[in-house]
Undergrad: 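Shown below is the structure under consideration.
Letters go in sequence order (proteins before strands), and every chain restarts at 1.
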There are 2 protein chains.
Amino acid sequence: MRLMSVKYFVNLKKMKNIAILGTGMVGDAIGTKLVSLGYKVMMGSRTANNEKAVAWSTRNGILAVSGTFSEAASFGDIIFNCTQGQVSLEALQLAGRENLQGKILIDVANPLDFSKGMPPSLTVCNTDSLGELIQRQFTDVKVVKALNTMNCQLMVNPGLLKDPGNLFLCGNDTEAKIEVGGLLRSFGWEKIIDLGDITAARGTEQILPIWVRIMGTLGTPMFNFSIVQ
Amino acid sequence: MRLMSVKYFVNLKKMKNIAILGTGMVGDAIGTKLVSLGYKVMMGSRTANNEKAVAWSTRNGILAVSGTFSEAASFGDIIFNCTQGQVSLEALQLAGRENLQGKILIDVANPLDFSKGMPPSLTVCNTDSLGELIQRQFTDVKVVKALNTMNCQLMVNPGLLKDPGNLFLCGNDTEAKIEVGGLLRSFGWEKIIDLGDITAARGTEQILPIWVRIMGTLGTPMFNFSIVQ
């Protein structure tokens, strides 16, 4: 009886607040998933009354609110960067260094450049990556690169595939990666591969070019990479 | 009886001669596999008496010979580029435009740069690739990029993995890809994905950075990518 009480108490510990930066499909999918898991989520954007953020908040009930990048970053114990890769650094500046300090930032963005048409190229690659750029500019943030190698519906519902395949993550802070891994397991992910420090973001971001080509060949974004041995 | 004779005749049609450019582990593995399948193979290198090429030839019996890049390219109906990516263009120049003309060139090379240590970077990427560089410099050669996304033992023996995963190929010439696909099926490959024209080499070459990180994480090069749906 005593043990059960302790267990009950542990389960009641305060769930962390989560910020979603970005109002696109990725932010919408992840924010919606987090609300369904019981988290309080604030979706942040450039303006306080972004139409898509307000619509998302309305659709998702009392756990879902919207605000500026800065308000969201201040609200969140954990931050998801779901902005477009090309504007991620600017969005994080707007979010405010003081609001991000010491927190876990899950970087889902890809530095895709569609300005020259399809297929997109990368704005940073090879000897650097968006994940590293963010980590270097925000040295006291625990950047964990994750989820960026797949379609956003799959990110939050791996069960959509008969074989969900692998989810890759990387980052410099081991405890942050363990916490993010736990969160992603609650999304349904089982086969999570930790690729090491944040420089591995070069690998996960540079997988995008083949991802785009495979999507073109298969005619669907609903696929994933599975590492077979 | 007559039909059987015809079938026998068809099976006896002349097998194509194959050139391997490069004497490293990749050239050795592919050359050895081709000899085991009954092909005459010439391994080419800068000099006529390259120690590794001669040793390979001696080990593999009468179907295996060695020579210069030029002699090998002239001998081969199909050419495998198994040189290091950084020197591939130079090796192909030495092989001779006239010896390559109109032939299928299977480009297995990756433009890896180890000069700054591990992990390697790429000498060309993002908006270009080694496969495209070769195709642009040798416009009358049918370049098919293939096999470059895995360890060389796996290239020639997919059965080494419980689930072999996928083999990616791309190139501008559809008939050349069909012929290469057939050859690779004789290596044991079943799940071959044609990613389209040679620009898809950007995708298969840029998968190398994550391949290297996964190898580090798993502690073995014996793995492959499988596309799951």
Side-chain angles (χ1 to χ4, degrees), chain A residues 111-113 116 118-129 148-151 154 158 160-166 168-170 191-197 199-229, chain B residues 111-113 116 118-129 148-151 154 158 160-166 168-170 191-197 199-229:
Chain A
L112 297 175
D113 178 2
K116 297 170 201 84
M118 283 292 283
S121 56
L122 300 168
T123 58
V124 56
C125 65
N126 201 13
T127 55
D128 204 353
S129 61
N148 66 305
T149 57
M150 65 189 71
N151 170 269
L154 184 56
L160 289 174
L161 299 188
K162 211 161 37 184
D163 174 357
N166 289 107
F168 304 105
L169 59 75
C170 64
K191 294 189 283 176
I192 299 174
I193 298 182
D194 178 352
L195 293 173
D197 69 19
T199 64
R202 298 174 199 179
T204 63
E205 293 174 13
Q206 281 182 107
I207 214 173
L208 263 286
I210 196 167
W211 187 93
V212 170
R213 297 300 291 232
I214 294 168
M215 181 184 69
T217 299
L218 299 181
T220 172
M222 295 310 293
F223 67 88
N224 194 22
F225 298 95
S226 177
I227 304 304
V228 288
Q229 282 188 282
Chain B
L112 297 175
D113 178 3
K116 297 171 202 84
M118 284 292 284
S121 55
L122 300 168
T123 57
V124 56
C125 65
N126 202 13
T127 56
D128 205 352
S129 61
N148 66 305
T149 57
M150 64 188 71
N151 170 269
L154 185 54
L160 289 175
L161 298 190
K162 210 159 40 182
D163 174 357
N166 288 106
F168 304 105
L169 58 74
C170 64
K191 295 190 283 177
I192 298 174
I193 298 182
D194 179 352
L195 292 174
D197 69 19
T199 63
R202 296 173 201 180
T204 63
E205 293 174 13
Q206 280 183 108
I207 213 173
L208 263 287
I210 197 168
W211 187 93
V212 170
R213 298 300 293 234
I214 294 167
M215 181 183 69
T217 299
L218 300 181
T220 171
M222 295 310 292
F223 67 88
N224 195 21
F225 299 94
S226 177
I227 303 305
V228 288
Q229 280 188 284

Undergrad: Mind checking salt bridge (charged side-chain N to carboxylate O under 4.0 Å, His left out) for B:K162 and listing every partner two or more places apart, or none if nothing turns up?
TA: none

Undergrad: Looking at CG of A:L208 and CD1 of B:I207, how far apart are the two atoms once the value is rounded to the nearest 0.5 Å?
TA: 11.5 Å

Undergrad: State the CD1-CD1 distance between B:I214 and A:I227, to the nearest 0.5 angstrom.
TA: 3.5 Å

Undergrad: Do you know which of A:Q229, A:M222, A:R202 has the most heavy-atom pairs with chain B at a distance under 4.5 angstrom?
TA: A:Q229

Undergrad: Among B:N126, B:I210, B:L122, which one satisfies side chain to side chain contact (heavy atoms under 4.5 Å, CB included) with A:Q206?
TA: B:L122

Undergrad: Heavy atoms only, distances under 4.5 angstrom: which of B:G196, B:P119, B:C125, B:G216 has the most pairs with chain A? Name it, please.
TA: B:C125

Undergrad: Contact part of A:D197 toward chain B, heavy-atom cut-off under 4.5 Å: side chain, backbone, both or neither?
TA: both

Undergrad: Relative to chain B, which segment of A:P120 carries a heavy atom at a distance below 4.5 Å: side chain, backbone, both, or neither?
TA: neither

Undergrad: At a 4.5 Å cut-off on heavy atoms, which part of A:T127 comes close to chain B: side chain, backbone, both, or neither?
TA: side chain

Undergrad: Under 4.5 Å, counting heavy-atom pairs only, tell me which of A:D163, A:L160, A:L218 racks up the most with chain B.
TA: A:D163

Undergrad: As an exercise: rank A:L195, A:D113, A:N166 by heavy-atom pairs under 4.5 Å with chain B and give me the winner.
TA: A:L195

Undergrad: Output the option from A:T199, A:V212, A:L154, A:T220 having the highest count of non-hydrogen pairs under 4.5 Å with chain B.
TA: A:T199

Undergrad: Tell me yes or no: between the side chains of B:R213 and A:T204, is some donor less than 3.5 Å from an acceptor?
TA: no

Undergrad: Please report the closest heavy-atom contact between B:S226 and A:V228, naming both atoms and the distance.
TA: CB-CG1, 3.7 Å

